[in-house]
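First listed ligand is number 1; within each ligand, the first listed atom is number 1.
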Amino acid sequence: MALALPRFRRPHFAITATLIAAGLVLYLQHRAISALESQTGVILRQLSEQTANDIAAEVRRTIDGPIFDTLTAVNHPELRAGRLDLVAKQYAEGLRAYPHVDRFLAWNAQTEREAPGEVLFYGRNGSFSRDPALGRAIAALARQHAPAQHIYIAAEGIGPEKRHQVFVRLFWTDARRVDYFAALGFVVDPLLVRRGLFDALYETKLRALLQERGGDVPLQLQVLDEHGTRVHGPPEAQPLAAQITLPMLFYPAEDIGTRLAAGVPARPWSIRVSAARPGGGIAGVSQTYWPTVLSVLLMLVAVGYTVQANRRAADLARMQADFISHVSHQLKTPLSLLSAATETLAMERVRSPEKLSQYLGTIRGEVTRLSALVQRILEFSRLQQARSYEFEVLDLGPLVRETVDAFASSLSRQGFTFRVDEEGVPPHVRADSAAIEQALANLLDNAVKYSGDARLVTVRVRASGNDAVIEVTDNGVGISDLDKPRIFEKFYRGESASLQRQGFGLGLPIVQELITAHRGRVEVESHVGQGSTFRIVLPAQGPLQDATSNPAALATRQEAIR
Ligand code: ADP
């Protein structure tokens with residue numbers, strides 16, 4: 001017992017150790033990845049926050065641009081000299097650089113002559129033109145706020161549609177700020193800002209910024225207005241990494257606050273930056289789980305196979321032990337009968353010739369049984385070594401008939417009927433005749449052994465497609481579904497074997513070995529209580545006609561051997 005215990009425990013120990021190792025590897029990997037994930041999360045948040053701030057700054061720069069660049073580019077003396085041509089040049093550049101500007105505007109003595117009481121507009125058509133209603137509204141706005149004596153005026157809801165936002169810069173004649181000689185400015189259409197500002201900026205600057213900042217982890221931008229409605233960016237929201245508020249206003253309120261005659265409230269838009277992929281960088285990190293999970297799975301599969309192999313080896317060892325005790329038992333019976341018979345004969349106790357021939361019959365019978373036993377054991381040990389085959393092209397019909405004849409005559413007294421059916425043109429095969437005879441004899445032997453009371457065995461030979469087929473059918477005890485997958489294993493004996501002490505569980509493995517060496521296969525169909533059909537399928541030689549497709553060949557030859 002003390003010796004047996006470790007032997008039984010070893011596989012369990014190995015499995016437990018493997019499972020613990022696999023669990024440990026997974027746990028450590030999980031911890032490492034969790035740490036990496038949280039670090040990645042922190043980095044992603046910082047990165048996104050910085051990117052959001054940069055985007056806000058870029059938007060601010062764009063919004064401030066027309067005020068700090070375009071409207072200040074032409075100096076007072078030139079403006080005073082009426083150089084609207086210089087102004088137009090700046091306006092053209094401004095329209096290219098600042099997508100939120102709908103139109104620039106200008107007023108001076110010259111425009112007043114052309115369009116009294118209005119400002120003129122410079123749009124993307126590249127020239128000054130009139131828009132009387134809006135022009136008058138803006139001129140009135142300038143006049144209205146001039147008494148405040150500031151430089152800038154910002155207002156919204158201007159014009160007939162009450163839609164436009166307007167920014168105006170007044171150019172005063174002198175430091176007393178009583179008269180202004182020019183007004184420059186621009187009009188913003190909030191609808192166009194919503195629709196186009198971020199898309200245009202994204203194409204020119206923001207895309208590159210997001211890519212550069214994100215590096216391996218692509219970042220994405222979403223812009224929401226003050227009501228939370230999406231203005232820019234993909235509709236699907238990813239887990240948020242950073243969000244900042246952008247006070248959306250068409251002029252830099254903080255920078256020019258003290259010089260502004262009128263202003264408008266800013267609207268809090270949101271700039272949201274997140275990883276573009278679901279899970280972002282974290283998903284990338286999580287992918288590193290897979291190699292570990294895969295190797296653990298492979299490890300488990302390997303353990304499974306080892307356990308199965310162990311079990312098979314134990315099965316085989318048990319079956320071999322059974323085999324040896326069974327062989328010894330089967331050898332002992334004929335040997336004791338032989339020794340008893342020869343002893344009786346030696347003592348000259350047998351007087352009558354009938355008795356003598358009865359004893360001799362017993363001796364012959366037992367010798368035959370012994371040599372059959374020895375023959376089977378030899379066959380098996382021959383199979384264990386590599387057997388050499390002598391292949392030749394054979395006509396299967398005569399070969400099968402002769403084998404069945406020889407087998408039937410050895411059983412002449414047991415009342416079995418063997419029928420050989422040859423269907424169609426007899427198939428030819430390239431085979432070792434001794435091997436095929438042996439395989440067929442083993443199947444016939446089983447058909448007889450497991451026949452029960454039904455004493456008819458049918459052997460069919462036919463061609464089927466490119467195959468030659470030999471079928472051995474009995475009407476005997478049949479094979480259970482549990483046994484079917486295992487009957488070709490060495491030493492395996494099925495339920496039906498309990499009816500039959502003779503046999504070692506080697507007949508079918510030998511058949512399979514022989515037929516496989518011929519590049520063929522062995523199939524079985526069987527139902528308990530109804531009988532079994534074993535089918536040897538060999539590759540046929542040369543063009544064969546399938547019996548079913550050739551009516552002339554359907555004439556079936558039948559032969560009954562008793
Ligand atoms: P055995 O020496 O036991 O006959 P085999 O390898 O020839 O060994 O067959 C393996 C098992 O298959 C048998 O023990 C038996 O259970 C089953 N078997 C084989 N042939 C038949 C048959 N014709 N009818 C029923 N059972 C069969």
Side-chain angles (χ1 to χ4, degrees), residues 312 315-316 318-331 333-334 369-384 400 403-404 407-408 410-411 414 416-420 435-460 469-517 521-537:
R312 279 279 153 96
D315 268 6
L316 191 67
R318 188 180 43 72
M319 287 195 283
Q320 270 173 337
D322 282 358
F323 169 71
I324 291 182
S325 81
H326 190 46
V327 168
S328 328
H329 179 82
Q330 294 214 2
L331 288 175
T333 318
R369 212 168 126 191
L370 265 182
S371 52
L373 275 175
V374 171
Q375 179 67 23
R376 182 55 61 87
I377 296 168
L378 283 179
E379 272 169 22
F380 179 67
S381 70
R382 252 167 68 195
L383 273 190
Q384 298 295 83
V400 168
T403 311
V404 176
F407 189 84
S410 71
L411 288 175
Q414 292 186 16
F416 270 92
T417 301
F418 291 88
R419 226 167 72 181
V420 178
I436 302 296
E437 274 169 25
Q438 191 187 334
L440 182 54
N442 283 6
L443 293 185
L444 291 170
D445 194 33
N446 280 352
V448 167
K449 269 199 313 198
Y450 302 111
S451 259
D453 296 331
R455 308 216 141 198
L456 173 67
V457 176
T458 309
V459 183
R460 275 187 205 90
V469 178
I470 309 171
E471 270 176 5
V472 178
T473 304
D474 65 60
N475 302 295
V477 293
I479 304 168
S480 74
D481 287 343
L482 220 66
D483 282 339
K484 253 183 235 166
R486 299 202 61 189
I487 52 174
F488 291 97
E489 288 176 20
K490 282 171 197 156
F491 305 117
Y492 186 82
R493 306 206 71 209
E495 267 173 47
S496 38
S498 60
L499 304 170
Q500 258 295 340
R501 285 293 294 157
Q502 261 189 2
F504 306 114
L506 291 175
L508 290 180
I510 289 174
V511 174
Q512 188 157 55
E513 191 93 28
L514 293 169
I515 299 306
T516 311
R521 61 182 191 276
V522 188
E523 298 168 351
V524 60
E525 271 171 37
S526 183
H527 299 284
V528 174
Q530 292 177 22
S532 315
T533 295
F534 281 85
R535 191 174 300 123
I536 293 176
V537 183

Can you tell me which residue and heavy atom of the protein come closest to atom 14 (O) of ligand 1, and the distance to 0.1 Å? Gly494 N, 3.0 Å
Please confirm whether Ser532 comes under 4.0 Å of ligand 1, counting heavy atoms of the residue only. yes
Are any of the N/O atoms in Ile479 less than 3.5 Å from those in ligand 1? no
Separation of Ile515 CD1 from Leu443 CG (nearest 0.5 Å): 8.0 Å
Ligand 1 atoms in contact with Pro509 (distance to a heavy atom under 4.0 Å): 6 (O)
For atom 6 (O) of ligand 1, which protein heavy atom lies nearest, and how many Å away is it? Leu508 N, 2.8 Å
Looking only at protein heavy atoms, identify the closest one to atom 10 (C) of ligand 1 and say how far it is in Å. Tyr492 O, 3.5 Å
Could you identify the single nearest non-hydrogen protein atom to atom 4 (O) of ligand 1 and state the distance to 0.1 Å? Tyr450 OH, 2.6 Å
Top protein contact for atom 16 (O) of ligand 1, by heavy-atom distance: Ser496 OG, 2.7 Å
Residues in side-chain contact (heavy atoms from CB on, under 4.5 Å) contact with Glu489, at least two apart in sequence or another chain: Arg312, Met319, Arg486, Tyr492
Shortest reach to atom 23 (N) of ligand 1 by a heavy atom, considering only Asp474, Leu443, Thr473: Asp474
Those atoms of ligand 1 less than 4.0 Å from some heavy atom in Arg493: 1 (P), 2 (O), 3 (O), 14 (O)
I want to check something: taking the side chain as every heavy atom from C-beta on, are Val511 and Phe534 in contact at a cut-off of under 4.5 Å? no
In terms of atom number and element, which parts of ligand 1 are under 4.0 angstrom from non-hydrogen atoms of Lys449? 1 (P), 2 (O), 4 (O)
Numbering the atoms of ligand 1 from 1, which are under 4.0 Å from a heavy atom of Gly505? 1 (P), 2 (O), 3 (O), 6 (O), 8 (O)
Any donor-acceptor N/O pair, Lys484 side chain to Val524 backbone, under 3.5 Å: no
Students should be able to answer this: which protein heavy-atom is nearest to atom 12 (O) of ligand 1, and at what distance? Ile487 CG2, 3.2 Å
Does Asp445 have any salt bridge (Lys or Arg N to Asp or Glu O under 4.0 Å) partners at least two apart in sequence or in another chain, and if so, which? Arg376
Region of Phe534 that comes within reach of ligand 1 [heavy atoms, distance under 4.0 Å]: side chain
So, does Asp474 use its side chain to make a donor-acceptor pair with the main chain of Tyr450 at under 3.5 Å? no
Name the closest protein heavy atom to atom 7 (O) of ligand 1, giving the residue it belongs to and the distance to 0.1 Å. Asn446 ND2, 2.8 Å
Subset of ligand 1 atoms that lie under 4.0 Å from at least one heavy atom of Leu506: 6 (O), 8 (O)
